[in-house]
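In this text the structure is predicted, and so the values were computed from the model without any measurement. Numbering starts at 1 and runs along the sequence shown.
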Amino acid sequence: MDRTEYGREAARRLHDAEAKLDLALAAINGLSAHLTSGRIDQEITAVIGQDALAAITEAQGPVVKARARLLKAHRAMKADARRLGIQWRLGGPFEDKPDEDQPVPRPTGRHLEAVA
């Protein structure tokens with residue numbers, strides 16, 4: 001494995017970790033929304049489930065902090081790659097890494113991958 005291949009694999013793994021943290025946040029938010037809207041739909045008093053909702057909300061903080069730290073690592077890895085002359089690519093030889101403020105194209109309708 002040469003440095004460019006090493007860099008591509010590091011970029012792929014970083015992208016994967018970032019995506020999984022986003023999915024974790026989405027799952028936590030989905031759980032909060034389900035509990036809250038379900039309580040309203042089922043006419044359950046707000047007292048019921050408050051402790052669980054507070055704990056779920058607290059669980060978001062560490063995930064958001066982990067995401068921020070990964071973004072910091074992303075910037076550091078990008079700078080290191082430039083210093084080492086590693087071509088920073090996401091998916092293949094013709095797919096350039098987008099600018100920091102641009103959306104990353106992803107397949108639609110696919111959130112989980114089955115492993116055989």
Side-chain angles (χ1 to χ4, degrees):
M1 173 182 301
D2 67 16
R3 283 185 176 182
T4 297
E5 290 168 346
Y6 170 75
R8 285 183 184 149
E9 180 61 17
R12 186 195 65 75
R13 289 176 186 235
L14 175 64
H15 182 261
D16 182 56
E18 290 170 342
K20 286 179 179 167
L21 281 175
D22 283 344
L23 288 174
L25 282 172
I28 292 168
N29 287 329
L31 175 59
S32 295
H34 174 75
L35 292 177
T36 304
S37 62
R39 182 193 61 76
I40 293 167
D41 291 345
Q42 297 300 316
E43 299 179 359
I44 298 171
T45 178
V47 174
I48 302 296
Q50 178 58 34
D51 291 341
L53 186 61
I56 291 164
T57 301
E58 286 177 27
Q60 285 180 318
V63 179
V64 171
K65 286 180 183 178
R67 188 176 184 276
R69 289 179 179 135
L70 268 187
L71 293 174
K72 185 177 179 179
H74 194 138
R75 288 187 294 273
M77 289 170 67
K78 182 178 178 182
D80 289 342
R82 284 188 181 143
R83 278 195 291 277
L84 292 172
I86 295 173
Q87 296 177 4
W88 191 266
R89 311 263 181 175
L90 280 175
F94 303 109
E95 186 176 339
D96 290 328
K97 181 178 176 4
D99 293 333
E100 296 299 324
D101 61 348
Q102 298 298 316
V104 176
R106 288 192 171 82
T108 57
R110 185 177 144 219
H111 295 285
L112 298 177
E113 222 175 280
V115 177

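Side-chain contacts under 4.5 Å among hydrophobic residues (ILVMFWY), followed directly or transitively, place I48 together with I44. With side-chain heavy atoms closer than 4.5 Å counting as contact, directly or through intermediates, L71 stands alone and belongs to no larger hydrophobic cluster.
Pairing each heavy atom of L70 with each of E18, the nearest pair is CD1-N, 3.9 Å. Pairing each heavy atom of V63 with each of A24, the nearest pair is CG1-CB, 4.3 Å.
Judged as a side-chain contact (heavy atoms from CB on, under 4.5 Å), and not counting sequence neighbours, the contacts of R69 are K65. With sequence neighbours excluded, the residues satisfying side chain to side chain donor-acceptor pair (under 3.5 Å) with E9 are R12, R13.
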Listed pairs under 3.5 Å, donor-acceptor, residues 25-38 side chains, sequence neighbours left out:
| residue | atom | partner | partner atom | Å |
| --- | --- | --- | --- | --- |
| N29 | OD1 | Q60 | NE2 | 2.2 |
| N29 | ND2 | L25 | O | 3.2 |
| S32 | OG | I28 | O | 3.3 |
| T36 | OG1 | S32 | O | 2.9 |
| S37 | OG | A33 | O | 2.8 |

Exercise. Stepwise, does the side chain to side chain contact (heavy atoms under 4.5 Å, CB included) test hold for K78 with R75?
Worked result: CA-CA 5 Å; K78 182 178 178 182; R75 288 187 294 273; 5.6 Å; no
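Applying the salt bridge (charged side-chain N to carboxylate O under 4.0 Å, His left out) definition to pairs two or more places apart or across chains, none involves residues 47-63.
Separation of atoms CG (L14) and NE2 (H74) is listed at 5.5 Å; rounding is to 0.5 Å. T45 contributes atom OG1, which lies 7.0 Å from atom CZ of R39 (distance to the nearest 0.5 angstrom).
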